[in-house]
Amino acid sequence: MPGFVLQVAPVPADLAVPAIRVGFTVSRKVGNAVIRNRVRRRLREAARQVIPGQARPDLDYVLVGRQAAIARDFAALRQELLEALKRVK
C-alpha cells in the first residue's frame with residue numbers, strides 16, 4: 001500500500017505567475033494530531049527534495065497522506081513520489 005495518493009489538477013488560467021504549487025492533507029483516519037503532523041512533515045520534506053526537479057509548472061499537486069506513510073522508510077517515500085510524478089508526465 002502506498003504512503004500517499006498524488007492528485008493533480010491544471011493550474012487556473014487566471015493565475016498570473018506560474019509557480020509549482022503543492023498542497024498536503026492527512027485525514028483523521030490516519031491517527032491523532034501528532035501522527036498526522038508527522039506524516040505531513042515527511043510528505044513536505046519529500047516534496048521539497050523531489051518536486052522542484054520533476055514537477056510541471058502547469059499543474060497543481062496535492063499529496064494525501066495515508067496510514068502506510070507512518071512506518072515507511074523515507075527513501076522509499078521519496079522514490080514513490082518520484083515514480084508518481086513520472087507517471088503524471
Side-chain angles (χ1 to χ4, degrees):
M1 179 172 205
F4 62 89
V5 173
L6 178 65
Q7 296 179 341
V8 180
V11 173
D14 61 342
L15 189 64
V17 179
I20 298 172
R21 301 188 312 169
V22 183
F24 304 92
T25 184
V26 182
S27 77
R28 290 181 13 190
K29 291 180 184 179
V30 172
N32 63 18
V34 173
I35 300 295
R36 292 194 313 268
N37 286 332
R38 183 176 300 138
V39 170
R40 197 174 296 117
R41 282 192 308 268
R42 291 176 57 123
L43 291 176
R44 193 178 300 127
E45 181 61 20
R48 187 189 67 78
Q49 293 179 11
V50 173
I51 285 193
Q54 300 294 323
R56 294 172 31 189
D58 62 330
L59 296 174
D60 286 338
Y61 300 92
V62 176
L63 290 164
V64 181
R66 295 290 184 226
Q67 186 81 30
I70 298 168
R72 180 88 35 153
D73 181 50
F74 184 73
L77 198 64
R78 271 188 29 205
Q79 186 62 31
E80 283 179 13
L81 180 57
L82 187 61
E83 291 171 9
L85 288 171
K86 285 181 182 176
R87 281 184 290 200
V88 168
K89 294 182 179 182

Going only through I, L, V, M, F, W and Y residues with side-chain contacts under 4.5 Å, is there a path from L59 to V22?
yes

Qualifying salt bridge (Lys or Arg N to Asp or Glu O under 4.0 Å) pairs, either residue in residues 23-45, two or more places apart:
E45-R48

Is any side-chain heavy atom of V39 closer than 4.5 Å to a side-chain heavy atom of F4?
no

Contacts under 3.5 angstrom, residues 69-76 side chains, donor-acceptor by atom type, not counting sequence neighbours:
residue : atom : partner : partner atom : Å
R72     : NH1  : E80     : OE2          : 2.4
R72     : NH2  : M1      : O            : 2.4

Any pair counted as salt bridge (Lys or Arg N to Asp or Glu O under 4.0 Å), so long as it reaches residues 61-71, sequence neighbours left out
none

What's the separation between atom CG in L43 and atom CG in L81, rounded to the nearest 0.5 Å?
8.5 Å

Using links of under 4.5 Å between side-chain heavy atoms of ILVMFWY residues, direct or through other members, which residues join V64 in one cluster?
V5, V62

If you look at every heavy atom in V11 and P57, which pair is closest and at what distance?
CG2-O, 3.6 Å

Atom of A84, atom of L6 and distance for their closest heavy-atom approach:
CB-CD2, 3.8 Å

Return each pair, listed once, that meets salt bridge (Lys or Arg N to Asp or Glu O under 4.0 Å) where at least one residue sits in residues 11-24; pairs must be two or more places apart or across chains.
R21-D60

side-chain contact (heavy atoms from CB on, under 4.5 Å) involving N32 - partner list, sequence neighbours excluded
V34, I35

Between Y61 (side chain only) and R56 (backbone N and O only), is there a donor and an acceptor less than 3.5 Å apart?
yes

All heavy atoms of P2 vs all of A68, minimum pair found to be O-CB, 3.5 Å

CD1 on I20 to CG on D58, rounded to 0.5 Å
9.5 Å

